[in-house]
A.B. asks: 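Sharing a structure here in structure tokens format.
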Amino acid sequence: MHRRTALGGALTALATAAAGVLVAAAVSTTPAAAAAGGTGTGYLHTSGNKIVDSTGATVRLTGINWFGMETDNKTFHGLWSSNPWRGQLDTMARLGYNTLRIPYSNDALKSGATATGINDFVNPDLIGLSPLQILDKVIDYAGSKGMRVILDRHRPTSAGQSPLWYTSTVSEATWINDWKMLAQRYAGNTTVIGADLHNEPHAEGTNPAATGACWGCGDTARDWRLAAERAGNAILGVQPNWLIFVEGVSCPSGGLSNVWDNDPSNDEDCGWWGGNLSKAGQFPVRLNVANRLVYSPHEYATSVYRQAWFDDPTYPANMPAIWDKYWGYLYKQNIAPIMMGEFGTTLQDPKDKIWLQNLMAYTGTGVNGMSFTYWSWNPNSGDTGGIANDDWTTINQPKQDILTPYLIPPSGGGGTTSPSPTGTPNTSPAPTTPPPPVTGGCTATYKQINSWAGGFQGELTVKNTGTAAVNPWSATWTWPSGVTLASGWNATVTQSGTTVTAAAPAWASSLAPGASVTVGFTANGTAAAPATVKLNGTAC
């Protein structure tokens with residue numbers, strides 16, 4: 001996304017002048033629908049139209065986009081908010097998003113690149129870090145929650161998107177070399193599963209003088225299918241375990257229709273930027289490593305552009321045939337998996353709600369359905385909105401309600417609580433099996449990180465001063481009446497009444513003798529230090 005107006009047939013030439021925009025979003029506390037599958041084990045590969053894990057089990061990626069690293073900020077948007085970056089990932093995982101698609105520009109990868117727009121009080125652990133170092137931390141924490149990560153080369157520079165994968169200032173060699181660098185940087189890290197090679201290749205120039213991305217035209221300077229092969233094979237040469245995500249084009253010719261020349265041969269059928277894979281069956285992407293190719297179309301609603309099909313008298317019954325034509329056939333004919341990399345809407349037009357409901361039904365339910373990453377988490381996305389509201393904490397419940405039945409939560413993604421849109425905390429009950437007692441004792445120290453009108457952020461560090469490991473560990477404390485949990489990290493944090501419980505996460509269940517754990521949180525109400533802190537029932 002970001003400026004993706006598209007382009008139905010004869011409307012293409014008129015639509016392109018307006019191409020370009022960002023997206024906006026919103027966040028909820030409704031738990032994701034229970035479903036089997038998670039994100040699997042080890043690296044992923046393909047089998048027919050399925051994505052499978054290292055054991056052969058089918059995996060459905062049901063994810064979300066968190067953008068910003070492709071902009072002038074060169075890092076995730078929303079880091080300026082009062083919700084810490086971990087708290088935002090906690091919410092995504094809890095809602096059922098098992099995959100994070102991360103857009104970037106090559107500017108963010110340059111030596112000396114600086115990340116901006118970060119609230120240092122809320123995110124002190126990001127102070128002084130480069131865009132890549134922040135990316136490292138997000139990937140590490142997302143992985144600890146069982147999420148997978150897809151990297152998306154969204155723009156050559158932070159200035160904007162490009163119809164081709166290279167520009168006059170960012171060469172094809174730079175594009176490929178940066179991908180190889182990222183593949184090597186995350187080699188062996190099974191959280192990062194693949195590369196979305198270039199975002200939304202699209203038409204430019206008026207036919208027959210096309211200058212944009214074509215599919216199957218054979219021109220090495222414009223044929224996106226051939227470029228995807230070159231980049232995909234270069235990546236697989238250094239990281240053969242990655243999936244290669246290939247988007248479509250808008251018009252297979254690479255040029256816009258000339259509606260005034262009275263030549264029907266120039267008036268081809270076009271689709272969304274990155275959304276037209278109609279020629280992929282005839283001209284497939286050929287990779288040197290088998291079972292690594294995933295086609296990744298984009299699909300949008302009227303809030304991005306009012307395609308002619310939205311006003312068809314048979315709408316929405318006409319939509320499945322349109323999706324079949326542009327990309328669905330690849331899945332239905334068992335040619336390759338589909339991972340719909342972007343789709344979204346503001347839901348302001350009633351037609352858009354119908355569109356989203358029908359699109360999700362088209363992808364199928366359960367683990368065998370098509371994969372997807374919704375656009376977007378961000379509330380500052382101008383033509384679609386997202387899942388997070390403007391506070392980057394609460395959610396857009398109408399959107400989430402439509403998506404929830406199709407979400408497969410990450411394994412270990414139970415996460416922490418966060419406030420509902422009305423500020424009422426979730427109150428999941430504490431475990432029914434009591435944790436083992438501490439042999440010895442514990443100490444507790446508290447640090448208030450930040451405060452604002454109606455809330456605060458703190459860190460509670462609990463140290464095991466006993467002689468034996470505490471496994472699993474669980475810390476509790478109390479707050480005055482009126483103080484409610486907003487979000488937490490480094491533990492599964494829940495609240496019941498005035499008692500807060502921080503239970504050990506699956507990836508760090510044991511607290512060794514002399515070891516300590518720091519539980520971070522944000523809370524609503526007047527700032528107050530945790531009282532009567534206990535480790536597995538032993539007072540600290």
Side-chain angles (χ1 to χ4, degrees), residues 27 29 78-91 93-94 118-129 134 137-138 141 144-145 391-394 414-420 423-428 430 442-465 470 473-505 508 511 515-540:
V27 185
T29 55
L79 300 184
W80 54 69
S81 74
S82 61
N83 190 7
W85 67 271
R86 288 187 183 88
Q88 299 195 47
L89 283 169
D90 287 342
T91 303
R94 190 187 65 256
I118 300 173
N119 185 332
D120 292 346
F121 291 102
V122 173
N123 300 296
D125 53 337
L126 304 184
I127 295 174
L129 298 187
I134 294 173
K137 291 179 75 70
V138 168
Y141 190 66
S144 75
K145 305 193 75 62
D391 60 3
W392 295 87
T393 304
T394 58
T416 63
T417 67
S418 75
S420 69
T424 303
N426 290 331
T427 53
S428 303
C442 58
T443 59
T445 55
Y446 173 66
K447 180 182 180 182
Q448 182 173 307
I449 303 299
N450 193 16
S451 65
W452 52 90
F456 63 101
Q457 177 188 354
E459 291 181 349
L460 176 66
T461 300
V462 178
K463 181 178 181 179
N464 176 12
T465 59
V470 184
W473 60 266
S474 178
T476 60
W477 68 85
T478 60
W479 270 328
S481 178
V483 177
T484 57
L485 179 70
S487 65
W489 50 94
N490 293 342
T492 299
V493 189
T494 57
Q495 181 173 1
S496 180
T498 60
T499 299
V500 181
T501 300
L511 193 60
S516 60
V517 61
T518 299
V519 178
F521 58 79
T522 58
N524 305 308
T526 303
T532 59
V533 179
K534 297 179 180 180
L535 176 63
N536 289 34
T538 297
C540 299

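Fair warning: this is a prediction, and the values are worked out from it, not measured in the lab. By convention here, the first residue in the shown sequence is residue 1.
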A.B. asks: Which heavy atom of A502 sits nearest to which heavy atom of W473, and what is that distance?
C.D. replies: O-CZ3, 3.3 Å

A.B. asks: Between S474 and T501, is any pair of side-chain heavy atoms under 4.5 Å apart?
C.D. replies: yes

A.B. asks: Restricting to non-hydrogen atoms, name the atom on L535 and the atom on C442 that form the minimum distance, rounded to 0.1 Å.
C.D. replies: CB-SG, 3.8 Å

A.B. asks: What residues, two or more places apart in sequence or in another chain, satisfy side chain to side chain contact (heavy atoms under 4.5 Å, CB included) together with T445?
C.D. replies: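 Once residues adjacent in sequence are excluded, the partners of T445 under the side chain to side chain contact (heavy atoms under 4.5 Å, CB included) criterion are T461.
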
A.B. asks: Could you tell me which residues satisfy side chain to side chain contact (heavy atoms under 4.5 Å, CB included) with K137, sequence neighbours excluded, listed by chain and number?
C.D. replies: W85, R86, D125, L126, L129

A.B. asks: What are the two closest non-hydrogen atoms of C540 and V462, and how far apart are they?
C.D. replies: SG-CG1, 4.2 Å

A.B. asks: Which atoms form the tightest heavy-atom contact between V483 and T526, and what is the distance?
C.D. replies: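 Smallest interatomic distance, heavy atoms only, reads CG2-O, 3.6 Å.
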
A.B. asks: Using the rule side chain to side chain contact (heavy atoms under 4.5 Å, CB included), only one of V122, D120, I118 pairs with L79; which is it?
C.D. replies: I118

A.B. asks: Just jot down the side chain to side chain contact (heavy atoms under 4.5 Å, CB included) partners of T532, sequence neighbours excluded, or say none.
C.D. replies: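 Counting only residues at least two positions away or on another chain, T532 forms a side chain to side chain contact (heavy atoms under 4.5 Å, CB included) with T478.
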
A.B. asks: Is the backbone of I449 close enough, under 3.5 Å, to the side chain of E459 for a donor and an acceptor to pair up by distance?
C.D. replies: no

A.B. asks: Looking only at heavy atoms, which two atoms of N119 and S81 are closest? And how far apart?
C.D. replies: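 Shortest heavy-atom separation between N119 and S81 comes out as ND2-O, 3.5 Å.
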
A.B. asks: Would you find a donor on one side and an acceptor on the other, under 3.5 Å apart, between the side chain of N464 and the backbone of L511?
C.D. replies: yes

A.B. asks: Apply side chain to side chain contact (heavy atoms under 4.5 Å, CB included) to D90 and Y141, showing your working.
C.D. replies: CA-CA 9 Å; D90 287 342; Y141 190 66; 2.6 Å; yes

A.B. asks: Nearest 0.5 angstrom please: F121 CZ to I127 CD1, how far?
C.D. replies: 8.5 Å

A.B. asks: Does a side-chain heavy-atom distance below 4.5 Å link P84 with T522?
C.D. replies: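 Answer yes - side chains close enough.
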
A.B. asks: Determine the minimum heavy-atom distance between K145 and A93, stating which atoms define it.
C.D. replies: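 For K145 and A93, the tightest heavy-atom pair comes out as CE-CB, 3.7 Å.
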
A.B. asks: Run the side chain to side chain contact (heavy atoms under 4.5 Å, CB included) test against Y446 and tell me which residues pass, sequence neighbours left out.
C.D. replies: Q448, F456, L460, F521, A529, P530

A.B. asks: Whether the side chain of W479 engages the backbone of V500 through a donor-acceptor N/O pair (distance < 3.5 Å, no angle test) should be reported.
C.D. replies: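 No, the answer is negative, given that no donor and acceptor are paired below the 3.5 Å cut-off.
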
A.B. asks: Side chain to side chain donor-acceptor pair (under 3.5 Å) with D391: which residues, sequence neighbours excluded?
C.D. replies: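 Once residues adjacent in sequence are excluded, the partners of D391 under the side chain to side chain donor-acceptor pair (under 3.5 Å) criterion are T394.
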
A.B. asks: Run the side chain to side chain contact (heavy atoms under 4.5 Å, CB included) check on T393 and T91 step by step: do they pass?
C.D. replies: CA-CA 8 Å; T393 304; T91 303; over 6 Å; no

